[in-house]
Amino acid sequence: MRLALPTLLMVLLAAGAVCAAPPDVSKFSDQRVQRSIERAQQWLWSQQQADGSWEGYSASWGEWPGGPTSLVLFALLESGQNAQEPQMARALDWLSIQPSSKTYTLGLRCNVWALANRQTGGKYTEMLNQDVRQLVRSTKDGSYGYDAFGAGQSSGDNSNSQYGVLGVWAGALANVEIPTEYWRQVETHWSTAQQPDGGWGYKRDEKNTSATMTAAGIASLYVCMDNLHMERFIRCDTGIRPKPIDEGVEWLSERFEKTLEGKLLGHGDLFYHLFGVERVGFASGRKYFGTADWYKMGAVRLLEKQRKDGSWKGKWDPLVSTSYALLFLARGQKPVLVNKLRFDGDWNNRPRDLAVLCRWMSEKFESNVYWQIINLEVPVSEWHDAPILYLSGSRAPDFSKADVDKLRDYVLQGGVLFSAAECNGRQFMGALRRVYRSMFPDYPVEACGADHDLYSTYFPLRGRPRFHVISNGVRPLAIHCDEDLPLAWQVRRFATQRWAFEGAANVAMYVTDKGIFRHRGVSHWPDAPGEFDPRRT
């Protein structure tokens, strides 16, 4: 059958809409993201009810009282809104007197309490404790259903299960004591619910793997890893990485660009999915899924879809879509303090070292900072969203001349190398010194004296850790430590080896001019040779 020309054009246009091109990361702009965040905040505030809540917009919300308000407040607080402003305080006061027995509401509300506590001196601590305890008591097997009455249930779905764990994790990060058995149950649920292809479906016995639930599974298993398996990695190159996480990340990486086209999302939609993607990205330290820069590609897609009034429309009410989009943009925009270099060698003996260190530093600085993994295959321009490039290991790294040239270029363009030897690895110590000498033959590796600024920039230190520095007389080019700092970070020796954390914090302050951090995706280096922007130095 032949189609009339108008009909044919409509078919072609529809096909083009379905097979949308991947987001063009060259269109990414931190300024555009910031404007988008501000517009989304304004729209959400415009929807606030007289009682301070965001309830009553859809009949379906009646099934989750407190849910929309918790989600909106989570997004507004994460995007920098002040918990003590009158509008915000009214909303928090309303939420604090709402009873709830719904998993989604409790999981989101725990995150609201944890964020608000940072700005109010712990005003909502008891609410956080109550909600976390209710969630812990509401599962028998590590899974959650819609209801969380505090009497253990089992055989829930993976969407509710993700939010139950999200709430308990917020409590754990705020020093609420969580039974170890709880994390074992959660890990067992997600590990046994994984499908043969490496992904997850909405329910344990559902064979239709989806990207939304796969992101949920990966993020939840990383939480379990951080609460159960940190001690596995005390010795170098002996820790067994959780196979379900690796398989899940591989599934997501192979399909990530398709998910940005709205495919493989299962019961969720793009906005719900991107919040899960951001959680996986930060938990894993990955800058890329496959070859895709998840933050830039996700941000560009959201910028394309934002409506004129500042909101987004997805599968559910615009309050939901806009809150999830705002969470992705605002959390994804948070500064990356340090890149961890993946290289040929034992570069990842302590896979959670920087995750722990960055959480500790975020608490001390009262400003979230993150980490990510970078590799030698991508251009040096991709390394500049972090001011520090971190190298660790016990054996000599196998760097080619081209690799060393890249490291030198990163430093000459303003970055700083920070290296630490693990397991008394003399091969690594010697190799790094040779690399540094070949990179900067005019500048020796010198031990820091007790009066060096590294020992007093932020925390007063007493000669530990023992730093060595290469300097050109103006700024540090590389900072090295022969002591096993990564071990102290990995196994969270906050008290017994506090100097390992405070030393790293001093490095960060020394390198970044006392904590002036750039947003993720922002480079101080011009994008192309010859480019000149009078607004930049």
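All values reported here derive from a predicted model rather than from experimental measurement.
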From [X] [atom1] over to [Y] [atom2], what is the distance, rounded to the nearest 0.5 angstrom?
X: L228; Y: W183; atom1: CG; atom2: CH2; result: 8.5 Å
X: L341; Y: W347; atom1: CG; atom2: CH2; result: 8.5 Å
X: C224; Y: H189; atom1: SG; atom2: NE2; result: 10.0 Å
X: N111; Y: R109; atom1: CG; atom2: CZ; result: 12.0 Å
X: R350; Y: I234; atom1: CZ; atom2: CD1; result: 8.5 Å
X: L485; Y: Y390; atom1: CG; atom2: OH; result: 7.5 Å

Check: Checking ring pair (Phe, Tyr, Trp, His ring centres under 6.0 Å) for the pair F365/Y458: CA distance, chi angles, key distance, verdict?
Finding: CA-CA 10 Å; F365 296 162; Y458 193 81; 5.3 Å; yes
Is [X] salt-bridged to [Y], cutoff N-O under 4.0 Å?
X: D482; Y: R433; value: yes
X: E250; Y: K243; value: no
X: E502; Y: K364; value: no
X: K296; Y: D385; value: no
X: R184; Y: E187; value: no
X: E483; Y: R466; value: yes
X: D353; Y: K340; value: yes
X: R342; Y: E377; value: yes
X: R518; Y: D30; value: no
X: K406; Y: D403; value: no
X: E363; Y: R359; value: no

Strictly by modelled atom types, are [X] and [Y] linked by a side-chain donor-acceptor pair under 3.5 Å?
X: N506; Y: T457; value: no
X: Y288; Y: Q372; value: no
X: D131; Y: W113; value: yes
X: R279; Y: Q162; value: yes
X: S79; Y: Q41; value: yes
X: H384; Y: Q413; value: yes

[X] side chain near [Y] side chain, heavy-atom distance below 4.5 Å:
X: V445; Y: L432; value: no
X: L115; Y: E78; value: yes
X: Q333; Y: R520; value: no
X: Q490; Y: P351; value: yes
X: M225; Y: L221; value: no
X: L329; Y: L302; value: yes

Tell me whether [X] contacts the main-chain N or O of [Y] through its side chain, where contact means a donor paired with an acceptor under 3.5 Å.
X: R352; Y: V491; result: no
X: S419; Y: L391; result: no
X: W383; Y: N375; result: yes

What is the ring orientation for [X] with [Y], classed by angle as parallel under 30°, tilted 30 to 60°, or perpendicular over 60°?
X: F467; Y: Y455; answer: tilted
X: Y295; Y: F328; answer: tilted
X: F256; Y: H273; answer: tilted

Give a yes or no on whether the ring-centroid distance for W294 and F282 is below 6.0 angstrom.
yes
Q.
With a 6.0 Å cut-off on the ring centroids, do H452 and Y510 count as close?
A. yes
Exercise for the section: Take Y163 and L106, measure what side chain to side chain contact (heavy atoms under 4.5 Å, CB included) needs, and give me the verdict at the end. Expected result: CA-CA 8 Å; Y163 280 81; L106 291 168; over 6 Å; no
W200/T212 under side chain to side chain contact (heavy atoms under 4.5 Å, CB included): CA gap, chis, key distance, verdict
CA-CA 8 Å; W200 281 265; T212 52; over 6 Å; no
